[in-house]
Amino acid sequence: MISNAEIAAVLWEISQYLEMEGVAFKPRAYEKVAEVIEGLSEELRDLYKKGGLKAIETIPGIGVSIGEKIEELITTGKCKEYEQLKKKTPVDLAQLSKVGGLGPKKIKKLYDKLKITNLTELGAAAKKGKIAVLEGFGEKSEEKIVKALEFLSSGGNRFVLPYILPDIWTIRDYLKKLKEVEELTVAGSVRRYKETIGDADMLVVSKQPKKIMDAFTTMPGVVQVLAHGETKSAVKMKNGLQVDVRVLPKESYGAALNYFTGSKDHNVALRQLAIKKGYTLNEYGLWKGTAEKKGKMIAGATEAEIYKALGLLYIEPELREMTGEIEAAAKGKLPDLIGYGDLKGDLQVQTNWTDGAKSIEEMAVAAMAAGLEYIAITDHTKRLAMVHGLDEKRLAEQGKEIDELNRKFQVQGLKFKVLKGTECDILEDGKLDLSDEALAKLDIVGVSVHSYFNLSHKDQTARIKRAIQNLNVDMFFHPTGRVVGRREPYDVDIEELIATAKATGTIMEINGSDRLDLKDQHIRLCVEAGVKMAVNSDAHNDGHYGFMEFGISQARRGWAEKKDIINAWPLEKMLSFLKK
DNA sequence: GCCGTTTTCGGCCCGACTGTTTTCAGTCG
């Protein structure tokens with residue numbers, strides 16, 4: 001049972017080995033395929049079971065040779081050619097490649113000369129000064145290796161976006177205050193709202209790049225200067241975050257923003273498209289002619305004019321992941337993405353009746369301040385004894401408080417509405433933690449898994465199917481149970497759940513907190529299947545409505561439109577869509 | 001190794017920075 005991640009890892013390692021040998025072009029072919037496979041929503045082994053090698057080869061980038069290797073991996077769990085390469089140079093590529101400055105060529109040299117195969121051996125050699133004397137290395141490379149190893153052993157090299165974003169804004173605001181800065185934009189994976197980021201890329205327009213570079217590399221919080229050039233520098237901050245800054249002239253702003261936003265594969269595809277049209281695209285602009293013999297610049301000040309000149313619709317940053325956006329843009333068939341201000345309500349809010357910090361009224365007032373028109377109170381149920389989950393009796397009492405609050409708002413002339421809801425536990429066998437009679441009285445019923453995470457694929461899927469088939473259940477909260485960077489999803493057949501949601505009219509949640517669950521690929525499956533979703537904050541405090549921004553970003557990354565997200569709809573329309 | 005509304009053969013993105021060099025390979029994004 002080999003997973004896509006494992007297949008991608010093998011293909012990526014093959015690319016690195018080929019690179020070591022100095023083979024031309026093949027490495028990129030393998031690398032590209034590895035990235036494509038990581039982004040697939042369906043497991044290749046399932047695809048293979050259904051359609052064999054033929055089905056595998058329909059995936060772009062996979063031809064005969066790579067197709068056969070994937071078949072070999074699925075059927076035998078091994079790949080002979082990979083085994084041979086690994087035997088020849090038995091190094092831990094995944095680990096060693098994380099060391100900044102080490103690529104395949106240098107890793108090979110370290111193995112050939114010093115028999116270094118992993119991080120421990122690398123550290124030992126560096127401390128003994130064995131690396132500095134190698135040809136192609138020196139004192140500085142050895143120092144860099146020691147520092148990189150310290151950084152890796154201290155943990156993080158990727159950050160969860162919702163947590164790191166405030167730090168990034170602080171740096172942005174510091175740099176924006178420099179008088180030489182005309183414009184500053186945070187680009188890269190932050191602008192694409194990737195769920196985790198490895199670094200923060202900032203783009204600056206200025207006529208005095210040197211001053212920017214000097215101020216940037218000496219700003220407070222910098223612990224290491226990784227690069228310090230005339231227009232491009234990189235630093236490591238105290239918390240481990242790497243920040244890159246690039247300075248460009250105003251007329252290149254759009255081209256630079258496009259280049260610095262990525263993804264890398266998206267950029268490469270744009271550049272290839274440019275070549276086909278007789279142009280050259282770089283971070284300074286779109287030019288007539290070839291890279292060697294450039295003609296006139298025909299676009300560059302804005303991203304929009306570059307896409308237009310390439311015959312494409314403008315592609316939003318969240319879509320730039322090479323999952324079909326360029327083809328769609330060429331055909332004029334991009335989705336009309338849900339916008340960051342489009343949500344009218346929040347359908348998962350906890351209060352101090354259970355594990356939330358604030359009262360129902362406080363949460364309602366904060367929601368109004370956040371620009372919302374309605375919220376659903378969805379406290380936990382009794383099985384979660386730890387948080388004093390509600391039983392039928394307390395749920396009824398809470399309902400009375402909500403009725404009174406709504407009356408009060410009405411008297412005050414406020415249109416805001418608080419809905420009665422629940423986050424009801426799904427029990428081990430798929431039954432629910434509250435009686436059907438109690439659930440039937442609520443405006444909106446959400447269910448979720450908080451126990452028995454380790455059931456088998458078959459049992460977990462069957463259990464959840466049973467729960468969402470209940471006619472009282474409107475919505476399935478955080479459907480895969482993952483927490484970004486902390487907890488893996490439970491083993492469940494998400495496609496079967498989506499099919500069940502379609503058949504039963506169940507709403508799938510996009511949880512905007514650090515769960516980010518559903519994730520982008522699953523959202524796209526829902527969009528394609530016509531399953532409706534809701535973007536919720538899962539607020540446990542009055543400052544948590546901001547999490548919805550990350551839920552929307554996931555929705556956008558999953559190609560969702562307003563019509564796909566029920567809480568982007570007015571209250572009446574939203575309620576009328578729920579199960580009767 | 002993959003791919004094709006200019007191609008089934010001949011292409012394959014582009015440039016900045018570093019370190020070890022004395023003109024450039026390797027890495028990175």
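Labels below follow one simple rule: chain letters A, B, ... track the order of the sequence lines, proteins then strands, and each chain is numbered from 1. Note: hydrogens, waters and symmetry copies are ignored here, and every other heavy atom, side chains too, is used.
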*Residue pair A:Asn267 / A:Leu281, side-chain heavy-atom distance below 4.5 Å*: no
Does [X] have a side-chain nitrogen or oxygen under 4.0 Å from the phosphate oxygens OP1 or OP2 of [N]?
X	N	value
A:Ser233	B:dC17	no
A:Tyr284	B:dA16	yes
A:Asn267	B:dC13	no

*Looking at residues at least two apart in the chain, or sitting in another chain, which of them share a side chain to side chain donor-acceptor pair (under 3.5 Å) with A:Ser15?*
none
Which part of the nucleic acid, if any, lies within contact of [X], taking any heavy atom under 4.0 Å across all strands shown: a base, the sugar-phosphate backbone alone, or nothing?
X	answer
A:Lys140	sugar-phosphate
A:Thr231	sugar-phosphate
A:Arg246	sugar-phosphate
A:Gly136	sugar-phosphate

*Should the pair A:Lys130-A:Glu121 be classified as a salt bridge under the 4.0 Å nitrogen-to-oxygen rule?*
no
*Is the closest basic N to carboxylate O distance between A:Arg556 and A:Glu316 below 4.0 Å?*
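The answer is yes: the pair qualifies as a salt bridge.
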*asked:* If I compare all heavy atoms of A:Asp517 with all of A:Arg482, which pair ends up nearest, and what's the gap?
replied: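 Where A:Asp517 meets A:Arg482 most closely, the heavy atoms are OD2-N, 3.6 Å.
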*asked:* Ignoring hydrogens, what is the shortest heavy-atom contact between A:Arg515 and A:Val484? Give both atom names and the distance.
replied: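 Heavy atoms only, the tightest pair is O-CG2, 3.6 Å.
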*5′-ward residue of the pair A:Ile275/A:Val33 relative to DNA chain B*: A:Val33
*asked:* Pick the closest DNA chain B nucleotide for A:Ile66 and for A:Thr290 by heavy atoms, then say which residue is nearer the 5' end.
replied: A:Ile66
*Looking only at atom P, what distance separates B:dT8 and B:dC3, rounded to whole Å?*
16 Å
_Rounding to an integer number of angstrom, what distance separates B:dT20 and B:dT27 when you compare their P atoms?_
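So the two P atoms sit 13 Å from each other.
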Could you check whether [Y] and [X], counting side-chain N and O atoms only, form a donor-acceptor pair closer than 3.5 Å?
X	Y	value
A:Ser553	A:Tyr340	no
A:Asn258	A:His266	no
A:Trp559	A:Asp564	no

Could you check how far [atom1] of [X] sits from [atom2] of [N], rounded to whole Å?
X	N	atom1	atom2	answer
A:Leu18	B:dC12	CG	C1'	15 Å
A:Lys32	B:dG1	NZ	C1'	10 Å
A:Glu139	B:dT20	CD	P	8 Å
A:Ile306	B:dC14	CD1	C1'	14 Å
A:His228	B:dC17	NE2	P	10 Å
A:Trp287	B:dG15	CH2	C1'	13 Å
A:Glu31	B:dG1	CD	C1'	13 Å
A:Glu135	B:dT21	CD	P	7 Å

*asked:* Could you tell me if A:Lys115 sits above the aromatic ring of A:Tyr111, with its cationic atom closer than 6.0 Å to the ring centre and no more than 45 degrees from the axis?
replied: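 Checked: cation-pi criterion met.
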From [options], nucleotide with atom closest to [X] side chain:
X	options	result
A:Gln272	B:dT18, B:dC12, B:dG15	B:dC12
A:Tyr30	B:dG1, B:dA16, B:dT21	B:dG1
A:Glu230	B:dG15, B:dG19, B:dC17	B:dC17

*With the sugar-phosphate defined as primed atoms, P, OP1 and OP2, and the base as all remaining atoms, what B/S/- string results for nucleotides 23-29 of chain B, 5' to 3', for protein heavy atoms under 4.0 Å?*
---SSSB
Short N/O separations, protein against nucleotides 3-5 of chain B, under 3.5 angstrom:
from  : atom 1 : to      : atom 2 : distance (Å)
B:dC3 : OP1    : A:Gly61 : N      : 2.5

*Does A:Phe25 stack onto the base of B:dC12, taking stacking as ring centres under 5.5 Å apart and planes under 30° apart?*
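Per 5.5 Å and 30° rule: yes, stacked.
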_Both distances below 3.5 Å, Watson-Crick or wobble geometry, any strand: find the nucleotide opposite B:dG19._
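Across any shown strand, B:dG19 pairs with B:dC24.
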*Is atom CD of A:Glu139 surrounded by more than 12 heavy atoms (other residues, nucleotides or ligands) closer than 6.0 Å?*
no
